[in-house]
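Worth saying up front: this structure is predicted, and the values here are computed from it rather than measured. Read the numbers this way: they start at 1 and go in the same order the structure lists the ligands and their atoms.
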Amino acid sequence: MELLLATGNRHKRDEFQAILPEHRIVIPEDLGTSFECEETGASFCENSLIKAAFLHARAEGRPVIADDSGLCVEALDGAPGIRSARYGEDEGTSLSSQEKYELLLRNLQGKTNRNAAFVCSLVFYIDDLRYFIFQETCRGIIAEAPRGSGGFGYDPVFFIPETGRTMAELSEEEKNRISHRGKAGSALRKFLQSYGDDLGVV
Ligand SMILES: O=c1[nH]c(=O)c2ncn([C@@H]3O[C@H](COP(=O)(O)OP(=O)(O)OP(=O)(O)O)[C@@H](O)[C@H]3O)c2[nH]1
Ligand SMILES: [Mg+2]
């Protein structure tokens with residue numbers, strides 16, 4: 001089915017397209033509009049619902065999906081967390097992805113606990129009373145220095161001990177197999193395979 005994804009982030013579209021190959025992932029930008037929705041929730045889950053409801057209201061009742069995700073670092077009490085996309089930014093200022101992960105490395109200087117987790121809250125939203133949330137994580141360690149050029153965001157500083165590499169050093173396929181988004185998306189894929197017909201929307 002065609003799944004409208006409530007995001008302004010093309011990397012998310014490309015990743016979900018690979019994770020959900022039998023569906024066509026379309027973002028507002030593909031339809032010639034931008035996606036700007038204030039993320040006022042206090043959790044990943046609340047924000048994914050806010051984004052989904054926002055697009056659903058403009059999508060003639062079609063089901064939509066939305067992802068709210070981020071990086072939670074133990075030694076920083078879970079920061080940047082739901083503010084990952086805006087880390088270090090004040091009103092009116094913006095930082096590049098590289099500036100954001102450099103700030104993260106500075107804030108972790110001298111800390112021995114470098115445990116972190118990527119989190120993805122993915123909602124399949126039919127209407128305001130019917131939705132299904134899949135929330136997954138990928139655990140890792142914040143590296144001392146960036147490595148690799150794949151992926152996006154904090155991937156160059158997110159080291160995954162089982163692979164011996166940072167997320168940015170993995171192929172797209174490898175990232176999607178183990179990432180927070182890959183796991184949440186695969187759960188949605190299986191849900192749609194086994195339960196989709198009963199929903200009356202697929
Ligand atoms: O290195 C990374 N690899 C990932 O796999 C990943 N997933 C999330 N993130 C970070 O968390 C923010 C999401 O914030 P977010 O969910 O609000 O998305 P966004 O603002 O980029 O787009 P939208 O979907 O809100 O329109 C992103 O911008 C990134 O900083 C990631 N970083
Ligand atoms: Mg956002």
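- Residue contacts with ligand 1 for Arg181 involve side-chain atoms from C-beta outward but no N, CA, C or O (heavy atoms, distance under 4.0 Å).
- Note on Arg114 versus Glu74: no salt bridge recorded, every NZ/NE/NH1/NH2 to OD/OE distance being 4.0 Å or above.
- Here the rule is side-chain contact (heavy atoms from CB on, under 4.5 Å) with Glu174, and of Arg165, Met167, Glu169 only Arg165 fits it.
- With distances taken over non-hydrogen atoms, the option nearest atom 25 (O) of ligand 1 out of Glu36, Lys51, Arg83 is Lys51.
- With respect to Glu29 and Arg13, no salt bridge is recorded, no charged nitrogen being found less than 4.0 Å from a carboxylate O.
- Summarising the contacts of atom 21 (O) of ligand 1 with Asp155, Asn9, Asp68, Asn176, the nearest heavy atom is found in Asn9.
- The single protein non-hydrogen atom nearest to atom 26 (O) of ligand 1 is Gly8 N, 2.8 Å, given as residue, atom name and distance.
- With hydrogens and angles left out, the side-chain atoms of Ser69 and Asp67 include a donor and acceptor closer than 3.5 Å.
- The aromatic ring centroids of Tyr195 and Phe191 lie less than 6.0 Å from each other.
- The shortest heavy-atom distance from Phe118 to ligand 1 is under 4.0 Å.
- When the N, O or S atoms of Glu39 are ranked by distance to the Mg ion (ligand 2), OE2 comes first.
- Not a single N or O atom of Glu15, backbone or side chain, sits closer than 3.5 Å to an N or O atom of ligand 1.
- The shortest heavy-atom distance from His11 to ligand 1 is not under 4.0 Å.
- Protein heavy atom in closest approach to atom 24 (O) of ligand 1: Thr7 OG1, 2.6 Å.
- Between Phe152 and ligand 1, at least one pair of N/O atoms sits closer than 3.5 Å.
- Taking the six-membered ring where the residue is Trp, the centroids of Phe124 and Phe134 are separated by 6.0 Å or more.
- A salt bridge is defined here as a Lys NZ or Arg NE, NH1 or NH2 lying under 4.0 Å from an Asp or Glu carboxylate O, and Glu39 with Arg86 meets this definition.
- Between the Mg ion (ligand 2) and Asp68 there is no N/O/S contact shorter than 2.8 Å.
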Test log, rule side chain to side chain contact (heavy atoms under 4.5 Å, CB included), inputs Arg139 and Asn115: CA-CA 8 Å; Arg139 292 194 180 273; Asn115 293 341; over 6 Å; no
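- Comparing heavy-atom distances from atom 18 (O) of ligand 1 across Lys175, Lys12, His180, Arg13 singles out Lys12 as nearest.
- Within the listing of ligand 1, atoms 1 (O), 2 (C), 30 (O), 32 (N) sit less than 4.0 angstrom from a heavy atom of Tyr154.
- Side chain of His23 to main chain of Leu3: no donor-acceptor pair is present (N/O by atom type, distance under 3.5 Å, no hydrogens or angles).
- Nearest protein heavy-atom neighbour of atom 14 (O) of ligand 1: Ser69 O, 3.3 Å.
- At a 3.5 angstrom cut-off on N or O pairs, Phe35 does not count as close to ligand 1.
- Nearest protein heavy-atom neighbour of atom 28 (O) of ligand 1: Ala85 CB, 3.5 Å.
- Between Glu136 and Arg181, none of the side-chain N atoms (NZ, or NE/NH1/NH2) sits under 4.0 Å from a carboxylate O, so this pair counts as no salt bridge.
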